[in-house]
Amino acid sequence: ADREVLDLMMALEKEAPRKKGRVLVLLGNHEVMNMTGDLRYVRSFASFAGPDSEKRRRKAFEQYLDWRKDHAQPAAAPLTDAEIEKQWMDAHPPGFLEQREAFAPDGRYGRWLREKDAVAQVDDVVFLHGGINPALPDVRPDYINKRIREELRAMDVFRAWLAQENIALPFFTLQEATDAARAELDRLKAEAAARTAAAQAEGKEWKPSEADQHRRKTLEDFLGYSGWYSVHPDGPLWFRGYAQWTEEEGTPKVAALLASLGARNLVVGHTPQADGRVRVRFGGRVFLIDTAMLKGYIPEGRASALEISSPKFTAVYHDQRIVLLDGPVAPLAPQSAAAPGGSSLAEYQQPQSEPSAPEAAAAPLPHQWIGPDGQPLPFKTDAELLVFLRTAKVRGIKDIGTGITNPKKWKLVKDGITANAIYRNVSEDKIQASMSGGTSEMFFRDEATFEPAAYEFSLLVGLPWVPPAVKRGYGATDGSVQIWLEGVTQYTDMQKKGIEPPDRVRWSKQLHVMRVFDNLVYNTDRNQGNMLIDKHWRLWLIDHTRAFRRQEDLRTPDLLIQCDRGFLERLRTLDENLVREKMKKYLRKAEIDALFVRRRKIVEHFDQLIRERGETMVLFNLEPIDAQR
């Protein structure tokens, strides 16, 4: 039984030091599930039942009936009192309440487990239950352990608050607590909508009280737990990539991960091996040791152990010992270790230094930038402008008044030159973020330094439509500074005024190219407000703080109908090494990898369109405007 296993591990942990040994107990997904009340896989509570279990169950059921009176139930066929009782009793068998107490923060097992790590590194071997996904924002074991411990503490606080507010009862399962919290949040939203409508009907304004706002925010925070490290499918307790990747796909990813961790091997469980044998993968780098010792789980399941006497790894079964690895793993060539799909810890830890002026702009393109007085600025190249943006003194700051990231308009002055610029310092990094419309996004980043990334990348693909931008700190914050485009108009204003482009065909071509670029960088925030038009009806693209996602699928492939011939050819021949070198100071490796996957899919998409419709229907030539130079 699970309880007997825990008792054994607790005893071994105490006894090992007496034999000059040590037992490291690591959390797995089932331990966390039991602590948080996710009991989907608990087969029996009988071992926790005591002599007064029935009495305790009856008392808890009466508490549930009182709670039920105060909370609306889902619309369905009404149940009789007898049906309600049977349904509840079946879901809460003898031992259920005692089990919940045992895994509570102050319970025998809950208190002990909450002190445990999820990842351990012994010498040069890393151990954990599921696996470290290289795409995680931070793969350091100490960070993962801290994060999971904080999540468990947060869950305890949330559950205590839900009970205190009578939203959920203390013994509710996680699913029951989730349903109750969601119902309460829906009630608050409906009440707010009704009061707002009533106030508007009277020409008034209604705002929720601070208490209601706090209540709603707390409920929303609790319901966001599905994005936590401890419960997410790509989190370290659930990740199955090491068992699912092909050798070709996984070897460079694992090699890069191990290099970043300063380790040689990974030992993981979680995914039962169909033959009941310890499995070695990726050139001896990963050992999958879940051999399904629980009887009946798989036909070939058996008990096993992995004995490590560096550099020898031996699988131990009840009837034999098999040496799996005896010696160091074979090194990878540098280019293999850097193959797409890997992830390096350094990219998540170490800030990149600001590039020097010659490095800041790849193949700078001449353009006549305009100052606030309407006169041309004296910069002959973009590189000169970038030095100015990075080093000029700030002589004035104004709120722009638009944009959710609160950008500022700066007045910059240096060597008698005055120019306006836009400063952004947003930096938001979440495993999961709730978006407008009720959707959520994994690995969400809203990052100011994506502005210079978009600028440099646009030059690399031969599409100089993004105004020059640089990384620059101000005070205690880091951000980006981008040249202010004078004399331009937002496309939104053009639409409102009913102003049509003088050359509709050329404008349409620009929009087609913009859509390809936005799919390439996975821009999630393109709107008519960040499409700027100069006096020649040249399109300028700004605000890329929500671009460069890790998603490998194209965001709006249905909008990719036509493309400029030269732009598509540049995508085909894009120098991957150069792009990686230029982008690594702004983007994480997983973001660069996804960029190249999307590049490939865009090329394949248009190749397919050309085969289906013919080249003349898909490709066009977008001629430059002479006056733009």
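For this chain, numbers begin at 1 and follow the sequence in order.
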Legend entry - Aromatic Tyr229 / basic Arg147 pairing, under 6.0 angstrom, 45° off normal: yes
To the nearest 0.5 Å, how far apart are [atom1] in [X] and [atom2] in [Y]?
| X | Y | atom1 | atom2 | value |
| --- | --- | --- | --- | --- |
| Leu554 | Asp518 | CG | CG | 12.0 Å |
| Leu174 | Met35 | CG | CE | 12.5 Å |
| Glu31 | Ser230 | CD | OG | 12.5 Å |
| Asp117 | Leu24 | CG | CG | 8.5 Å |
| Lys582 | Leu587 | NZ | CG | 13.5 Å |
| Met583 | Phe450 | CE | CZ | 11.0 Å |

Smallest separation among heavy atoms of [X] and [Y], with atom names:
| X | Y | answer |
| --- | --- | --- |
| Thr545 | Arg424 | CG2-CD, 3.9 Å |
| Pro452 | Ala448 | CD-O, 3.7 Å |
| Phe103 | Arg114 | O-NH1, 2.9 Å |

Inset, instruction - Decide if the gap between the ring center of Phe239 and the ring center of Trp245 is smaller than 6.0 angstrom. - result: yes
Inset, instruction - Please find out if less than 6.0 Å separates the ring center of Phe313 from that of Phe287. - result: yes
Hey, is the main chain of [Y] close enough, under 3.5 Å, to the side chain of [X] for a donor-acceptor pair?
| X | Y | value |
| --- | --- | --- |
| Gln510 | Leu539 | yes |
| Asn519 | Leu560 | no |
| Arg149 | Lys116 | yes |
| Arg285 | Val280 | no |
| Asp564 | Leu619 | no |
| Asp575 | Asn577 | yes |
| Lys312 | Gly327 | no |
| Arg599 | Leu571 | yes |
| Arg570 | Val461 | yes |
| Asn527 | Asp525 | yes |

Inset, instruction - Only pairs at least two apart or in different chains count here, so list each salt bridge (charged side-chain N to carboxylate O under 4.0 Å, His left out) that has a residue in residues 314-329. - result: Glu307-Arg321
Inset, instruction - Hey, could you give me each pair passing salt bridge (charged side-chain N to carboxylate O under 4.0 Å, His left out) that has a residue in residues 262-282? Not counting sequence neighbours. - result: Asp124-Arg264, Glu247-Arg281
Is the closest side-chain heavy-atom distance between [X] and [Y] below 4.5 Å?
| X | Y | answer |
| --- | --- | --- |
| Ile132 | Leu257 | yes |
| Tyr455 | Pro467 | no |
| Asp446 | Ser427 | no |

Inset, instruction - Evaluate the side-chain hydrogen bond (donor to acceptor under 3.5 Å, both in side chains) criterion for residues Asp290 and Thr271: first the C-alpha distance (whole Å), next the side-chain angles of each, then the deciding distance (0.1 Å), finally the verdict. - result: CA-CA 6 Å; Asp290 188 338; Thr271 303; over 6 Å; no
Legend entry - Trp228 and Tyr225 aromatic ring geometry - parallel, tilted or perpendicular at 30°/60° bounds: perpendicular
Legend entry - Qualifying residues under side chain to side chain contact (heavy atoms under 4.5 Å, CB included), relative to Ala454, sequence neighbours excluded: Val466, His544, Phe548
Any donor-acceptor pair under 3.5 Å linking the side-chain atoms of [Y] with those of [X]?
| X | Y | result |
| --- | --- | --- |
| Asn29 | His129 | yes |
| Tyr586 | Glu456 | yes |
| Tyr109 | Asn34 | no |
| Glu13 | Trp112 | yes |
| Arg240 | His270 | yes |

Legend entry - Partner of Glu604 by side chain to side chain donor-acceptor pair (under 3.5 Å), out of Arg600, Gln608, Lys601: Arg600
Legend entry - Test side-chain hydrogen bond (donor to acceptor under 3.5 Å, both in side chains) applied to Glu447 and Thr449, step by step: CA-CA 6 Å; Glu447 180 59 56; Thr449 54; 3.1 Å; yes
